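Values in this document were obtained by computation on a predicted structure and should not be read as measured data. As a basis for the values below, the full set of heavy atoms in this structure was taken, side chains included, without hydrogen atoms, waters or symmetry mates.
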Amino acid sequence: MTRIATWNVNSLRVRLPQVLEWLAAHQPDVLALQETKLPDEIFPVAELAAAGYSVVFNGQRTYNGVALLARGTGRDFADVVRDLPGIEDPQRRVLAASIGPVRVVNLYVPNGQSVDSDKYRYKLDWLRALRDWMRAETERHPHVLMLGDFNIAPEDRDVHDPDRWAGGVLVSAPERDALRELLALGFSDVFRHFEPATGHYSWWDYRQGAFRRDHGLRIDLILAAEALAGRCLGSSIDREPRRSDRASDHTPVVAEFDI
DNA sequence: ATGGCTGCTTTGAGCAGA
């Protein structure tokens with residue numbers, strides 16, 4: 001059994017103690033992190049090694065930054081990719097590696113800010129480049145999965161109040177179309193293999209007591225290619241870290257595979 | 001309509017996040 005998880009930590013500097021605690025409690029084989037906000041020179045390699053994890057990372061100061069943690073010391077990360085092919089992007093949002101039998105593509109999809117902004121256009125361009133790249137990746141690696149902060153709630157059931165969010169960034173039709181095009185390459189959102197109901201979210205705004213009121217969105221996803229999706233044993237969202245005093249606004253999402 | 005929090009920044013009010 002292989003347990004794979006994703007967590008947007010919103011600053012690994014602040015959240016490292018929580019990450020170490022979560023690793024010890026859940027022992028994932030792979031954990032993909034987003035928004036580490038750390039330059040590579042100060043990535044906490046030693047602290048994670050002491051916790052029994054090998055790491056590879058693609059960071060920058062202040063913004064963005066992604067990392068992959070694999071259980072075991074001296075683990076091999078093969079065919080590492082740090083840039084989205086076909087797009088010029090200084091923002092560190094992508095990290096792909098082959099870890100054992102699985103090709104893992106860790107993504108921090110641009111937020112988009114608002115549908116009338118340049119950042120929204122960048123988000124859609126970025127998603128188009130991602131689709132073209134993933135089309136090739138699925139041919140090279142049948143056991144591929146994409147996971148991370150997609151900054152898109154796939155459907156209205158992934159939104160606490162669809163009327164309030166309608167047409168806005170994170171739920172707008174062009175973004176959802178872009179996500180559907182990714183899925184059409186043969187991927188599936190494994191959380192939905194097991195849980196059809198609304199009310200399951202992975203992000204809650206820091207403001208307005210959104211977590212307490214459960215005003216959330218499900219925007220952190222694990223999308224598995226057919227060969228892996230058929231071997232998915234379960235998927236869940238762990239709300240526990242979101243309760244902590246100094247929580248990330250996102251919480252971990254986990255999937256288990258029979259591989 | 002706005003700002004509400006949080007983290008970050010060549011320490012400050014401003015940006016970005018979602």
For this session: Tell me what Asn8(A) touches on the nucleic acid: a base, only sugar-phosphate, or nothing, going by heavy atoms under 4.0 Å.
Result: sugar-phosphate
For this session: Provide the distance between the two P atoms, one in dT2(B) and one in dT6(B), to the nearest whole Å.
Result: 23 Å
Problem set entry | Euclidean distance for P, dA1(B) against dG14(B) (whole angstrom) | 24 Å
Please tabulate, one pair per line, each protein N/O and nucleotide N/O from nucleotides 6-8 of chain B that are separated by under 3.5 Å, including the distance.
| unit_1 | atom_1 | unit_2 | atom_2 | d |
| --- | --- | --- | --- | --- |
| dG7(B) | OP1 | Arg15(A) | NH1 | 3.1 |
| dG7(B) | OP1 | Arg246(A) | NE | 3.4 |
| dG7(B) | O3' | Ser11(A) | OG | 3.4 |
| dC8(B) | OP1 | Ser11(A) | OG | 2.3 |

For this session: Mind checking side-chain contact (heavy atoms from CB on, under 4.5 Å) for His215(A) and listing every partner two or more places apart, or none if nothing turns up?
Result: His160(A), Arg164(A), Ala210(A), Arg213(A)
Problem set entry | For Arg212(A), all residues meeting salt bridge (charged side-chain N to carboxylate O under 4.0 Å, His left out), sequence neighbours excluded | none
Exercise. Is Lys123(A) reaching over with its side chain to a backbone N or O of Asn151(A), donor-acceptor style, under 3.5 angstrom?
Worked result: yes
Exercise. Given atom CG of Asp205(A) and atom P of dC5(B), what is their separation to the nearest angstrom?
Worked result: 10 Å
Exercise. Atom CD of Glu35(A) and atom C1' of dA18(B): how far apart are they, to the nearest Å?
Worked result: 9 Å
For this session: Using the P atom as the reference point in each nucleotide, state the distance between dC8(B) and dA18(B) in Å, no decimals.
Result: 14 Å
Problem set entry | Value in whole Å for how far the P atom of dA18(B) lies from CZ of Arg164(A) | 17 Å
Problem set entry | Interface with DNA chain B, restricted to residues 111-122 of chain A and to heavy atoms under 4.0 Å | Asn111(A), Lys119(A)
Seminar exercise, completed: Heavy-atom nearest nucleotide on DNA chain B taken for Arg207(A) and for Asn151(A); more 5' hit belongs to Arg207(A)
Exercise. Which is true for Tyr108(A) with a 4.0 Å heavy-atom rule: it touches a base, it touches only sugar-phosphate, or it touches nothing?
Worked result: sugar-phosphate
Atom pairs and distances, donor-acceptor, side-chain atoms in residues 74-87 of chain A, under 3.5 Å, two or more places apart:
| unit_1 | atom_1 | unit_2 | atom_2 | d |
| --- | --- | --- | --- | --- |
| Arg75(A) | NH1 | Arg71(A) | O | 2.6 |
| Arg82(A) | NE | Phe57(A) | O | 3.4 |
| Arg82(A) | NH2 | Phe57(A) | O | 3.4 |
| Asp83(A) | OD1 | Arg92(A) | NH1 | 3.3 |
| Asp83(A) | OD1 | Arg92(A) | NH2 | 2.7 |

For this session: Report the distance from atom CD of Gln34(A) to atom C1' of dG17(B), rounded to the nearest whole Å.
Result: 14 Å
Exercise. Starting at CG of Asp161(A) and ending at P of dA18(B), how long is that distance when rounded to a whole Å?
Worked result: 20 Å
For this session: Determine the interatomic distance between P on dG12(B) and the same-named atom on dG17(B); round to the nearest Å.
Result: 24 Å
Problem set entry | Co-members of the apolar cluster containing Phe211(A) [side chain, <4.5 Å] | Tyr201(A), Trp204(A)
Exercise. Is there a donor-acceptor pair under 3.5 Å between the side chain of Ser248(A) and the backbone N or O of Asn8(A)?
Worked result: yes
For this session: Mark yes or no for whether Tyr206(A), through its side chain, and Asp249(A), through its backbone, hold a donor-acceptor pair below 3.5 Å.
Result: yes
List the atom pairs, with distances to 0.1 Å, where a side-chain N or O of residues 39-49 of chain A and a protein N or O form a donor-acceptor pair under 3.5 Å, not counting sequence neighbours.
| unit_1 | atom_1 | unit_2 | atom_2 | d |
| --- | --- | --- | --- | --- |
| Asp40(A) | OD1 | Gly59(A) | N | 2.8 |

For this session: Grab the CD-C1' distance between Gln60(A) and dA16(B) for me, whole Å please.
Result: 12 Å
Exercise. Can you name the residues that form a salt bridge (charged side-chain N to carboxylate O under 4.0 Å, His left out) with Arg239(A), not counting sequence neighbours?
Worked result: Asp214(A)
Seminar exercise, completed: Grouping ILVMFWY residues whenever side-chain heavy atoms fall under 4.5 Å, the cluster of Leu233(A) otherwise contains Met1(A)
Exercise. For Gln208(A) and dG17(B), what is the distance between atoms CD and C1' respectively, to the nearest whole Å?
Worked result: 16 Å
Seminar exercise, completed: Between CD of Glu175(A) and P of dA18(B) the distance, given in whole Å, is 12 Å
